[in-house]
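Comments concern the structure below.
Protein chains get the first letters and strands the later ones, always in sequence-line order, with residue 1 at the start of each. From a predicted model like this one, the values you see are computed outputs, not experimental measurements.
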There are 2 protein chains.
Amino acid sequence: MSTLTLDRIDRKILHELMHDATLPVAQLAERVGLSQTPCWKRVQKLEAAGIITRRVALVDPEKIGIGLMVFVEIEATDHSPEWRAEFRRVVPRFTEIVEVYRMAGDIDYLLKVAVSDMSAFDEFYLELTRALPCRNITSKFVMETVQTTTALPIDVATA
Amino acid sequence: MSTLTLDRIDRKILHELMHDATLPVAQLAERVGLSQTPCWKRVQKLEAAGIITRRVALVDPEKIGIGLMVFVEIEATDHSPEWRAEFRRVVPRFTEIVEVYRMAGDIDYLLKVAVSDMSAFDEFYLELTRALPCRNITSKFVMETVQTTTALPIDVATA
DNA sequence: TGTGAAATTACCCAGGG
DNA sequence: CCCTGGGTAATTTCACA
């Protein structure tokens, strides 16, 4: 799949765009030490290669009524492909589930769930456990979001 | 401050922009049933009100060498303000830490950590535990990211 | 809100180092 | 693979009705 070697300039571009995608190409070019055209071409390439997957607006959860975030740890009843398939069938039905990870260790799946409040979570919880048989479910409630970023760490220092 | 009541159109705008911020105002306007200018003004207002916090590019972790995601659960040595202050002082020093939550229950803090591989994580782990005294730290390793979205659930159906 | 026009910006050609 | 410089189309931005 083409060259996956990102040089320092590519990493700088990603670093900038992961923090602020409104940056005009002209300014981006200046920051990474390039002129417009080659900079723009690199951005196109990064998008075509699927390295930049999308550009999105981030929204303050509280301001749109998302008052509660919960991490839900799930243990499967058994470790069969059937259970996993069922799990994957059920998950998309819940818009509250924003992230899903298959884990190593005791916990089989970890969900990040965004709801308005505790009663909404309870409703979600009851529906989920009705739709999906689990050996065990543990909910861990977020009291405060101390930090959150979509910008992944990327080394812009070394060549 | 100001009006925090988002009507159906505002919620539709947010819904669209949380999924794709490249959408031109003209098309966005069409989708939410408005003409350009009022739609644009609403977007401006949503930004001014801090509801839209930023616009960013999302990047495929694997393609930039982030091969391992880990959730790190931390129990404080004690529950003093001093420990929390120290915690907050230490966290920003680690670029690998992308999310930090203060939790209810046994776990005091939950971190989401992005690193290249297990040896990088081990290095991070050793440094973190050296910088921060903890009663207990438990690392839970992500095997597979099943789903991940930055788009929060928002009701676009009801008025 | 809507219409229209100006300022920015994205996009995409050349030719040359 | 970089730069300069141009040109067009698209978009944002902001007059004003």
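Within residues 17-25 of chain A, the residues that have a heavy atom under 4.0 Å from DNA chain C are, in order of number, Pro24(A), Val25(A).
The closest side-chain donor-acceptor pair between Thr158(A) and Asp155(A) falls under 3.5 angstrom. Glu99(A) and Tyr101(A) share a side-chain donor-acceptor pair at under 3.5 Å.
Comparing dG2(C), dC3(D), dC1(D) by their closest approach to the side chain of Arg42(A) singles out dC1(D). Closest to the Trp40(B) side chain, of the nucleotides dT13(D), dC3(D), dC11(C), is dT13(D). Closest to the Ser35(A) side chain, of the nucleotides dT1(C), dT12(D), dT4(D), is dT4(D).
For the pair Arg84(B) and Asp78(B), the salt-bridge criterion is not met [side-chain N within less than 4.0 Å of a carboxylate O]. Look at Arg135(A) and Asp106(A) and you find no salt bridge, because none of the NZ, NE, NH1 or NH2 atoms lies under 4.0 Å from a carboxylate O.
In this structure, Leu34(B) places its CG atom 10 Å from C1' of dG2(C), rounding to the nearest Å. Between Ile13(B) atom CD1 and dT1(C) atom C1' the separation is 13 Å, expressed in whole Å. Going from atom NZ of Lys45(A) over to atom P of dC12(C) covers 15 Å, rounded to whole Å. Taking atom CD on Gln36(A) and atom P on dC11(C), their separation rounds to 11 Å, with Å as the unit.
Classified by interplanar angle (parallel below 30°, tilted 30° to 60°, perpendicular above 60°), the ring pair Phe87(A)/Trp83(A) is parallel.
In this structure, Lys41(B) reaches the bases: a heavy-atom distance under 4.0 Å links it to at least one base atom across the strands shown.
Side chain of Arg102(B) to backbone of Thr145(A): no donor-acceptor contact under 3.5 angstrom is found.
Looking at Thr37(B), its side chain comes within 3.5 Å of the base of dT3(C) through a donor and an acceptor atom.
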